[in-house]
Amino acid sequence: MGIKGLTKLLVDNAPTAMKEQKLESYFGRRIAVDASMSIYQFLVVVGRKGTQMLINEAGEVTSHLQGMLYRTIRLLEAGIKPVYVFDGPPPDLKKQELAKRFSKRAAGSEELAVAIASRNKEDIEKFSKRTVKVTQQHNEDCKRLLRLIGVPVVEAPSEAEAQFAALCKAGKVYAVASEDMDSLTFGAPIFLRHLMDPSSRKVPVMEFEIPKILEEMNLDMDQFIDLCILSGDYCIGGLTALKLIHQHGSIENILENINKYQIPDNWPYSEARLLFKEPIVSMEEKPEINTPNEE
DNA sequence: ACTCTGGCTCAAGACGCA
DNA sequence: TTGAGCCAGAGT
DNA sequence: TGCGTCC
């Protein structure tokens with residue numbers, strides 16, 4: 001859903017709103033992390049060869065636990081206090097998208113079956129990735145693991161991105177770490193990318209500050225949200241969207257003044273906007289670090 | 001000629017021992 | 001799934 | 001740095 005070239009758009013139009021940071025500069029900070037996204041990555045990549053994954057004696061997948069445990073240890077060693085945020089039920093607006101994913105996975109399964117039958121290793125490799133799905137069980141496994149080692153877990157009432165942006169706005173965490181640029185659209189004041197990248201890959205932590213982005217791009221937050229919706233849902237690029245917003249101020253005004261772009265039928269931009277502006281989040285008490293449970 | 005978009009591809013975690 | 005990089009084609 | 005292992 002995110003804008004394709006948002007990073008590049010920011011590099012070009014708001015260069016000082018982002019800066020390279022060292023991991024050490026977050027020592028002692030509480031940082032929110034998107035758990036579901038991480039679990040997905042672990043399932044795709046950890047110990048997977050063809051259809052093989054890491055499993056326990058009962059044959060249950062443990063790739064996500066392996067990945068989650070080591071990553072959390074790395075964060076703790078760096079003096080970072082992670083707060084993992086789990087997805088809740090998705091908003092209605094995303095149902096369509098989810099249906100698409102479902103059929104893609106189904107198609108992936110079929111192709112995988114063909115690949116297995118014909119013993120085509122490359123295809124098995126490719127299609128097995130497409131069938132990956134984070135289940136409730138995977139989520140529960142990870143919550144349990146995190147609670148056992150005393151790392152706080154937050155269960156979002158809906159989208160995790162929205163929830164941790166809200167935590168950050170409320171000052172309950174210092175920053176939000178994700179690879180998903182939607183975090184910016186949800187208005188997380190400080191947004192970190194590549195927090196987990198090993199130093200060997202020489203990708204520095206990139207820190208984005210929303211207030212600076214808005215100032216430098218000469219937008220208010222509503223306009224920034226419109227910009228993201230405009231170029232996310234819809235077939236124009238970020239640069240054009242930015243120009244249009246500067247010119248007309250809002251999606252409504254753009255639609256009134258411009259006819260040359262093809263408008264999707266029943267384009268639900270105002271629903272999308274509401275999702276970003278007033279997302280469903282919970283404001284429970286500050287997530288506390290629990291004492292590690294002996295086991 | 002230049003810019004933008006869109007379609008394609010790719011890689012993706014973390015450890016430790018050579 | 002996600003972003004990024006590269007190439008081709010459309011629009012200016 | 002590259003590659004096998006983690007379960």
Side-chain angles (χ1 to χ4, degrees), chain A residues 1-13 18 23 33-78 82 87 90 94 97-109 122 125-135 138 141-142 145 159-161 177-185 191-203 206 208 228 230-244 260-262:
Chain A
M1 189 102 118
I3 313 186
K4 295 158 302 254
L6 183 54
T7 311
K8 194 175 177 299
L9 189 71
L10 294 177
V11 169
D12 294 342
N13 296 279
M18 46 200 291
L23 196 58
V33 181
D34 181 352
S36 305
M37 178 68 77
S38 308
I39 294 171
Y40 180 83
Q41 307 269 41
F42 295 143
L43 288 176
V44 168
V45 103
V46 176
R48 195 193 44 70
K49 270 186 213 143
T51 55
Q52 292 297 116
M53 301 181 84
L54 304 185
I55 51 170
N56 65 12
E57 290 147 10
E60 296 157 338
V61 174
T62 54
S63 297
H64 54 311
L65 294 171
Q66 177 86 13
M68 182 68 79
L69 179 61
Y70 277 106
R71 172 167 291 178
T72 306
I73 290 169
R74 278 185 71 209
L75 288 170
L76 293 172
E77 276 177 348
D87 270 315
K94 299 220 165 152
E97 194 59 37
L98 293 173
K100 264 190 224 160
R101 274 185 216 174
F102 182 85
S103 56
K104 268 192 186 172
R105 252 200 320 276
S109 302
E122 279 178 28
E125 189 66 25
K126 186 163 65 179
F127 294 128
S128 60
K129 285 184 196 170
R130 291 193 200 165
T131 61
V132 169
K133 160 121 169 74
V134 179
T135 65
H138 296 137
D141 292 346
C142 288
L145 171 68
E159 294 180 278
E161 302 280 327
S178 174
E179 299 311 311
D180 185 342
M181 298 298 284
D182 272 359
S183 314
L184 280 177
T185 320
F191 168 61
L192 311 180
R193 282 192 88 199
H194 308 132
L195 181 69
M196 321 301 190
D197 283 31
S199 46
S200 63
R201 215 156 298 158
K202 65 173 185 179
V203 187
M206 204 46 99
F208 299 75
C228 295
L230 203 48
S231 76
D233 281 16
Y234 182 27
C235 47
I236 63 173
L239 212 77
T240 309
L242 180 60
K243 281 179 194 157
L244 288 173
K260 68 176 170 177
Y261 295 103
Q262 211 181 359

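For the numbers below, each heavy atom of this structure counts, side chains included, while hydrogens, waters and symmetry mates do not. Naming: A, B, ... by sequence-line order, numbering from 1 per chain.
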Would you list the protein and nucleotides 4-10 of chain C atom pairs, both N or O, that sit under 3.5 Å from each other?
from: C:dA4; atom 1: OP1; to: A:T7; atom 2: OG1; distance (Å): 3.2
from: C:dA4; atom 1: OP1; to: A:R193; atom 2: NH1; distance (Å): 3.0
from: C:dA4; atom 1: OP2; to: A:T7; atom 2: OG1; distance (Å): 3.4

Grab the N/O contacts between the protein and nucleotides 5-7 of chain D below 3.5 Å, and write none if there aren't any.
from: D:dC6; atom 1: O2; to: A:Q66; atom 2: NE2; distance (Å): 2.9
from: D:dC7; atom 1: O3'; to: A:I55; atom 2: O; distance (Å): 3.2
from: D:dC7; atom 1: O2; to: A:I55; atom 2: N; distance (Å): 2.6
from: D:dC7; atom 1: O2; to: A:I55; atom 2: O; distance (Å): 3.1

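In terms of the side chain to side chain donor-acceptor pair (under 3.5 Å) criterion, residue partners of A:S183 (sequence neighbours excluded) are, by chain and number, A:E161. Partners of A:R193 under the salt bridge (Lys or Arg N to Asp or Glu O under 4.0 Å) rule, at least two apart in sequence or in another chain, are A:E179. Applying the side chain to side chain donor-acceptor pair (under 3.5 Å) criterion to A:T62, with sequence neighbours excluded, gives no partner residue. The side-chain contact (heavy atoms from CB on, under 4.5 Å) check on A:A106 picks up nothing, with sequence neighbours excluded. Applying the side chain to side chain donor-acceptor pair (under 3.5 Å) rule to A:D12 yields the partners A:K8; only residues at least two apart in sequence or on another chain are considered. Under the salt bridge (Lys or Arg N to Asp or Glu O under 4.0 Å) criterion, A:K243 pairs with no residue at all, not counting sequence neighbours.
Relative to the side chain of A:I236, the nucleotides C:dG3, B:dT5, B:dC4 differ in distance, and B:dT5 lies closest.
In the region residues 98-108 of chain A, proximity to DNA chain C at under 4.0 angstrom, judged on heavy atoms, holds for A:R101, A:K104.
The P atoms of B:dC8 and D:dC7 are separated by 40 Å, rounded to the nearest whole Å.
Counting only residues at least two apart or on different chains, the salt bridge (Lys or Arg N to Asp or Glu O under 4.0 Å) pairs with a member in residues 38-48 of chain A are A:R48-A:E125. For residues 49-75 of chain A, the pairs satisfying ring-ring contact (aromatic ring centres under 6.0 Å, His included) are A:H64-A:H138, with sequence neighbours left out. Applying the salt bridge (Lys or Arg N to Asp or Glu O under 4.0 Å) test to every pair with at least one member in residues 55-65 of chain A, sequence neighbours left out, gives no pairs at all.
Put simply, A:T240 has a side-chain N or O that comes within less than 4.0 Å of OP1 or OP2 on B:dT5.
Considering every non-hydrogen atom in both A:P82 and A:T72, the closest pair reads CG-CG2, 4.3 Å.
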